[in-house]
Amino acid sequence: MPLPLISAQDAAWYTGRPVGTIWRWASEGRITSHNGRYDVRELPGKTVDEFGDTHLGDPPPLPQQAVKAA
């Protein structure tokens, strides 16, 4: 089954954040870039409540980094 990949612009709309945030998340390793497209399953979707207010999901976590020996 193919991955549900979307563009950075679509990812920005889906999350309610700027495109630059999507690019930053990818550069930080929070989400995976597949040749400039992003797996929608890795993205926190925004929600809209019954009053029309938009609520943003938590950002994806930073990847665990190895602890460097002293």
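Computed over heavy atoms, backbone and side chain alike; hydrogens, waters and symmetry mates excluded.
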From P60, P44, P59, residue fulfilling side-chain contact (heavy atoms from CB on, under 4.5 Å) relative to T15: P44
Students should find that the hydrophobic cluster of L56, defined by side-chain heavy atoms under 4.5 Å apart, otherwise consists of none
Please identify each residue that fulfils side-chain hydrogen bond (donor to acceptor under 3.5 Å, both in side chains) with D53, with sequence neighbours left out. none
Could you list who else is in F51's hydrophobic cluster, with ILVMFWY side chains joined at under 4.5 Å, directly or through other members? none
When rounded to the nearest 0.5 Å, the distance separating CD1 of I31 from CZ of R24 is 10.0 Å
Applying salt bridge (charged side-chain N to carboxylate O under 4.0 Å, His left out), name anything that partners R17, two or more places apart in sequence or on another chain. none
Would you give the length of the straight line joining atom CG of D10 to atom CG of L5, rounded to the nearest 0.5 angstrom? 11.5 Å
Sorted by chain and residue number, the side chain to side chain contact (heavy atoms under 4.5 Å, CB included) partners of Q9 (sequence neighbours excluded) come out as S7, V19
Of all residues at least two apart in sequence or in a different chain, which pass the side-chain hydrogen bond (donor to acceptor under 3.5 Å, both in side chains) check with T47? none
Under the side-chain hydrogen bond (donor to acceptor under 3.5 Å, both in side chains) rule, what pairs show up with a residue in residues 33-45, not counting sequence neighbours? T32-E42, D39-R41
